[in-house]
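Accompanying notes for the structure given below.
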Amino acid sequence: MRSPLPMKRRDLLGAGIAAASIGALGSIAPASAEPIAPHALIEYSASEIAAMIRTRKVSAREVVDACYARIDAVNPRINAVVAQCRARAYAEAGQADALLAQGRLLGPLHGVPFTAKDSLDTAGVVSTGGTLGRKDFVPGRDATAIARVRAAGAILLGKTNTPEFTLGGGARETYNLLHGQTYNPYGEGYLCSGSSGGAGAIVAAAGAYFDIGSDYGGSIRGPAFANGIAGIKPTYGRVPRTGHIVGYGGPFDNFQEIGPLARRVADLSLILPIIMGPDDSDAAMAPVPLGDPAQVDLSKLRIAWYIDNGSIRVSREVQAMIERCVGYFTKLGCKARQDRPPRFKELADARAAFSGADGREFMRRLMRKHGTTQPSPGLNIKGSELPSSEFTRLCEQMDAIKSEQLAWFEQYDLILCPVTWRAPQKVTSEYLMPPEWGAGYGGMTSEYNTTGWPAGVVRAGTSKDSPGLPLGIHVVAQPWRDDIVLAALAHIEKQTGGWRMPGI
């Protein structure tokens, strides 16, 4: 069996089973004599805590301890972490500290604690995907993205909640029959979005330094918006889906991407190069290098921005936030114009029809595959099968629109736009998604799953409509220009301050 990482990437990152020498990551300092309070430790970014561990200002065990203490304090209120692996995490922290004492480093994430969305397989740790049929399922190997961050030294704390199969939360967003409802750490009883809702909630609440999530129609970007953190859906073909409950293959393949969620944009730039690249399993992956965000000349970006998706207009406070973010770039000398991709609503409507063209047999196959007989109430498993002629027509229609939109994008480098049309709302008693939610929410994010373009979110404001709840900005770039997304997110974060510790 080949390694999940090409050898050149392993050498570059200093990852792998055997510990690598420190190399370019910096020398190891003597252990600090001045302890750092646990409450202070959890507020650092993944990049900062990695440097602190590497320079022995703090031990990996102290950091793991601080994270579990925080999880114990907040998880009873937000229900974000649904499985833990404490004994293994502490053992790995001890190993990480012992290696540092010997002058050896696993990689750039050495000793950094993280969580993983429960839809991703984790070796030796229960991985349910939010479905009853997998309530006791323990995989024998990690999903590719999980294997790569662990090989780079990261320590898995546990799994984060997701709606069933990542697709069945409905109006409750991150909810399933197995683990229940996940809540927003910034407001009691508020939605945390989905489907990487548990990921967004625990990262925002400072219980983990980052999480690996998935995005089928906004499932990284929605939680980043609702929980006031940073997240990126990479270009389609950059990060393997191997080991995800909805993985590679099938007619809906190109909608799905895997990516990181973290409190700071710098952490996305740290993690994305580690998890990207072909893995000899996901056949849709391409070995395209990632540009350096630090080399992006922000002053020369050509920007398009919009405040509606052709069917619903955003709230006044979301509009004002988008306009402020546009101003952060025009002050640099950027040219900005109010514009959006052509046939935007038509593409969203075509995808919606295409996704149900098999009469939802795709969903029923997932249930049968994993032994689930009782679906969560938000999982849509009913539908009317369309004739094959209509199915192929929808394929052709979507491809034609994507080509037209790509040609349109040649005149711009960046799009600034809504994630959704309003601030996070209270958890509803309903399970099924109201029609207006689908038009306003999914259509604003799923557009960029259909095109495969890279898209990210960072906190850019605070709501008055839903007092104290975060607001985030949606940033999109041309295919394979994830570096531009990361650079733009970092610029916005610098202007707004980005993530803020919730009062929970």
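The residues of the chain are indexed from 1 along the displayed sequence.
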How long is the gap from CD1 on Ile232 to CG on Leu486, to the nearest 0.5 Å? 4.0 Å

Could you state the interatomic distance from OG (Ser47) to CG (Leu270), rounded to the nearest 0.5 Å? 4.5 Å

Would you give the length of the straight line joining atom CD of Glu62 to atom CD1 of Ile49, rounded to the nearest 0.5 angstrom? 9.5 Å

Between Arg150 and Glu92, is there a side-chain N and carboxylate O pair less than 4.0 Å apart? yes

Aromatic ring proximity Tyr431/Tyr175, centre distance under 6.0 Å: yes

When you check the side-chain N and O atoms of Thr122 and Ser127, is any donor under 3.5 Å from an acceptor? yes

One should read off an interatomic distance between Ser376 OG and Ile381 CD1, to the nearest 0.5 angstrom, of 10.5 Å

Between Gln84 and Leu157, does a side chain to side chain contact (heavy atoms under 4.5 Å, CB included) hold up when you go through it step by step? CA-CA 6 Å; Gln84 299 181 35; Leu157 298 170; over 6 Å; no

Determine whether Ile322 and Ile473 make a side-chain contact, defined as any pair of heavy atoms from C-beta on separated by less than 4.5 Å. yes

Any donor-acceptor N or O pair under 3.5 Å, side chains Thr128, Asp118: yes

Got a second to check how far Met501's CE is from Trp499's CH2, nearest 0.5 Å? 4.0 Å

Let me confirm one number: the CD1-CG distance from Ile53 to Asp97, rounded to the nearest 0.5 Å. 7.5 Å

Any Lys/Arg nitrogen of Arg134 or Asp136 sitting under 4.0 Å from an Asp/Glu carboxylate oxygen of the other? no

Distance-only side-chain donor-acceptor flag, Thr131 / Thr372, under 3.5 Å: yes

So, for His474 and Tyr448, is the gap between ring centers shorter than 6.0 Å? yes

With sequence neighbours excluded, give me every ring pair (Phe, Tyr, Trp, His ring centres under 6.0 Å) pair touching residues 92-122. Phe114-Phe210

Using atom types as modelled and distance alone, determine if a side-chain donor or acceptor of Asn79 lies under 3.5 Å from a backbone N or O of His179. yes

Ignoring hydrogens and geometry beyond distance, is a side-chain donor-acceptor pair present between Asp282 and Thr242 at under 3.5 Å? no

Are the side chain of Arg148 and the backbone N or O of Ile275 linked by a donor-acceptor pair below 3.5 Å? yes

Passes side chain to side chain contact (heavy atoms under 4.5 Å, CB included), Cys417 versus Val476? Steps please. CA-CA 8 Å; Cys417 55; Val476 185; 4.2 Å; yes

Distance-only side-chain donor-acceptor flag, Tyr236 / Asp253, under 3.5 Å: yes

Check whether the side chains of Lys117 and Ser195 place a donor and an acceptor atom closer than 3.5 Å, and report yes or no. yes

